[in-house]
Protein chains: 2
Amino acid sequence: MPKSITRSYSRYSRDATALLGGLIRAARKERKLTAQEVADRAGISRGLLQRIEKGDLKCEIGAVFEVATIVGVPLFEADESALSRHLSRTREKLALLPKSVRKKSKTVRDDF
Amino acid sequence: MPKSITRSYSRYSRDATALLGGLIRAARKERKLTAQEVADRAGISRGLLQRIEKGDLKCEIGAVFEVATIVGVPLFEADESALSRHLSRTREKLALLPKSVRKKSKTVRDDF
DNA sequence: AGAAGATGGTCCATATATAGACCATAAAGG
DNA sequence: CCTTTATGGTCTATATATGGACCATCTTCT
């Protein structure tokens, strides 16, 4: 990330991340799990878990999803098999779409 | 991340990330958007977008969610207001839960 | 109230994700 | 078919996220 960039995020993205973090924290407490315990199970540090629960946008998605899985917050589909099926269907669908998106048709009838 | 750790992820996390990436790619193509266009709009590099669409677990969640938002893949709730409401409810719920999770009650009646 | 423990924050060193340039290939469209 | 351009990959430098230690404060339970 050379230029030292401060990335901007839409409200939707921020809300979604904050919501996910909140759900994780709530789920963790309902299950009476310590931050340290969950962090250990996820193979991350307690500090990172705190940031995830706070809705920090700059955490790796793998860590966030892993924690969500551990405390029982469903992503997309509740069960694994449903998710797998959905994944397969998406792959099939993707196979049908054009491989490349053509942009420069140019002369797009902006002539009048 | 001192110790040079290769993080392990559950199948569920991997599938969820792959699914999200696939949905993003499918949505992008349906909308006839070039990888470069979406990357520019999201303020990220084309390379990162490729990794996101491939379901790379080590991308920052903010970038992933931002791209999803741009191409129109819904996170949690479809519309923003619903998401905001859900967020509020989660915050309220969280306020009711105990602030700390006690673990060492010890002497948990394992004595018999 | 006191003790034990959980949480939240800071700081630093370092592993690593990212941007950007580059190249090769493939695919769309004229 | 031939041109154009989108895609996918590699490589490098650098910005930065993370782990770990530390500390202060607050909670819970006795």
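Chain A is the first sequence line, chain B the second, and so forth, proteins listed ahead of strands; every chain is numbered from 1. Treat the numbers as computed from the prediction; the structure is a model and nothing was measured.
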A.B. asks: Round to a whole Å and report the spacing from CD of B:Gln50 to P of C:dT18.
C.D. replies: 13 Å
A.B. asks: Using whole Å, report how far CG of A:Asp40 lies from C1' of D:dG20.
C.D. replies: 13 Å
A.B. asks: Does B:Lys54 or A:Gly47 map to a spot on DNA chain D nearer the 5' end, using the closest nucleotide for each?
C.D. replies: B:Lys54
A.B. asks: Is a donor on one side and an acceptor on the other found under 3.5 Å between the side chain of A:Ser10 and the backbone of A:Ser13?
C.D. replies: yes
A.B. asks: Name the one of A:Ile24, A:Ile44, A:Leu33 that satisfies side chain to side chain contact (heavy atoms under 4.5 Å, CB included) with A:Val38?
C.D. replies: A:Leu33
A.B. asks: Tell me: NZ of B:Lys32 to P of D:dT5, nearest whole Å?
C.D. replies: 18 Å
A.B. asks: Select from B:Lys58 and A:Glu53 the residue whose nearest nucleotide in DNA chain C is closer to the 5' end of that strand.
C.D. replies: A:Glu53
A.B. asks: Let me know the distance between CG of A:Leu48 and C1' of C:dT16, rounded to the nearest Å.
C.D. replies: 14 Å
A.B. asks: Roughly, in whole Å, what's the span from CG in A:Leu97 to C1' in C:dA28?
C.D. replies: 15 Å
A.B. asks: Can you figure out which of C:dT7, D:dT7, C:dT18 approaches the side chain of B:Arg51 most closely?
C.D. replies: C:dT18
A.B. asks: Minimum heavy-atom separation for A:Ile52 and A:Cys59, please, with both atom names.
C.D. replies: CG1-SG, 3.9 Å
A.B. asks: Hey, are the side chains of A:Arg14 and A:Leu57 touching, using non-hydrogen atoms and a 4.5 Å cut-off?
C.D. replies: yes
A.B. asks: When the distance from CD1 of B:Ile61 to P of D:dA17 is rounded to whole Å, what number comes out?
C.D. replies: 14 Å
A.B. asks: Could you check A:Lys29 against B:Leu49 and say which one's nearest nucleotide on DNA chain C is further toward the 5' end?
C.D. replies: A:Lys29
A.B. asks: Side-chain donor or acceptor of B:Arg46 under 3.5 Å from a matching atom on the base of C:dG20?
C.D. replies: no
A.B. asks: Hey, what are the protein-to-nucleotides 24-26 of chain C N/O distances that come in under 3.5 Å?
C.D. replies:
none

A.B. asks: Between C1' on D:dT5 and CD on B:Glu37, what's the gap in Å once rounded to a whole number?
C.D. replies: 12 Å
A.B. asks: Taking 4.0 Å as the cut-off, does a side-chain nitrogen or oxygen of B:Arg7 come that near to OP1 or OP2 on D:dG19?
C.D. replies: yes
A.B. asks: Might you point out which heavy atoms bring A:Lys58 and A:Tyr9 nearest each other, and give the distance in Å?
C.D. replies: NZ-OH, 3.1 Å
A.B. asks: Taking A:Glu53 as the fixed residue, which of A:Arg46, A:Arg28, A:Lys29 is the one that meets the salt bridge (Lys or Arg N to Asp or Glu O under 4.0 Å) rule?
C.D. replies: A:Arg28
A.B. asks: Look at A:Arg25 and C:dA6 and indicate whether a side-chain polar atom (N or O) is within less than 4.0 Å of OP1 or OP2.
C.D. replies: no
A.B. asks: Is there a donor-acceptor pair under 3.5 Å between the side chain of B:Arg7 and the backbone N or O of A:Ala63?
C.D. replies: no
A.B. asks: In whole angstroms, how far is the P atom of D:dG8 from the CG atom of B:Asp56?
C.D. replies: 14 Å
